[in-house]
**Q** 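The structure is given below, and queries will be raised subsequently.
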Amino acid sequence: MKLAELDYIQQMLLELCRISRRRDLGFLTYLIEMAYSEASDMKEGMRPLNPKPAQPRDPLRPASSPANGAQKL
């Protein structure tokens, strides 16, 4: 992601935050503030710009099972 794109996203979030505050939309304002904070952290290098997405867990395999399917003795 380019820094200019991140700047644009952050400016849009700031405007959305202002609107939601004026309308007293508490939880929505909070979520927008969190997104704004995340964008700020990315700009400052505190978070990666392109984080690796988490791999979804197989719902059919218990969390304690080995990944290759081998049985532990």
Side-chain angles (χ1 to χ4, degrees):
M1 176 178 291
K2 295 179 182 176
L3 192 56
E5 292 171 329
L6 196 53
D7 283 334
Y8 177 76
I9 290 168
Q10 194 174 28
Q11 288 302 312
M12 294 300 101
L13 288 167
L14 181 60
E15 185 59 30
L16 289 170
C17 190
R18 289 175 179 156
I19 293 168
S20 66
R21 277 191 192 135
R22 281 195 304 264
R23 302 291 182 248
D24 197 27
L25 302 172
F27 188 63
L28 183 58
T29 301
Y30 168 77
L31 292 174
I32 295 168
E33 287 172 346
M34 292 297 101
Y36 183 89
S37 177
E38 185 75 12
S40 295
D41 288 351
M42 287 178 171
K43 283 175 60 176
E44 295 172 11
M46 296 173 66
R47 299 231 192 268
L49 291 177
N50 295 312
K52 187 175 182 179
Q55 296 296 320
R57 189 178 72 77
D58 182 352
L60 301 177
R61 183 173 46 218
S64 61
S65 290
N68 63 6
Q71 295 282 339
K72 280 191 173 183
L73 299 177

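FYI, the numbering just counts along the sequence from 1.
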**Q** Between Lys43 and Glu38 (salt bridge meaning N to carboxylate O under 4.0 Å), is one present in this structure?
**A**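 Answer for the salt bridge query: no.
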**Q** Between CG of Asp24 and OG1 of Thr29, what distance do you get to the nearest 0.5 Å?
**A**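 Taking CG in Asp24 and OG1 in Thr29, the distance rounds to 7.5 Å.
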**Q** Using modelled atom types only, decide if a donor and an acceptor are shared between the side chain of Ser37 and the backbone of Glu33 within a distance under 3.5 Å.
**A** no
**Q** Please give me the minimum heavy-atom distance between Leu6 and Ala39, naming the atom from each residue.
**A** CD2-O, 3.9 Å
**Q** Rounded to the nearest 0.5 Å, what's the gap from CD1 on Ile9 to CE on Met42? Could you check?
**A** 8.5 Å
**Q** Should Glu15 and Ile19 count as side-chain neighbours, where that means a heavy-atom distance under 4.5 Å?
**A**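 Result yes, sub-4.5 Å side-chain heavy-atom pair found.
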**Q** I'd like to know if the side chain of Glu5 and the backbone of Lys2 have a donor-acceptor N/O pair within less than 3.5 Å.
**A** yes
**Q** Identify the two heavy atoms, one from Leu13 and one from Ile32, that lie closest to each other, and give their separation to 0.1 Å.
**A** O-CG2, 3.3 Å
**Q** Please tell me whether Phe27 and Met34 are part of a single hydrophobic cluster in this structure, the criterion being side-chain heavy atoms less than 4.5 Å apart.
**A** yes
**Q** Within this structure, what is the CD-OH distance for the pair Gln11 and Tyr36, rounded to the nearest 0.5 Å?
**A**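 So the CD of Gln11 and the OH of Tyr36 are separated by 6.5 Å.
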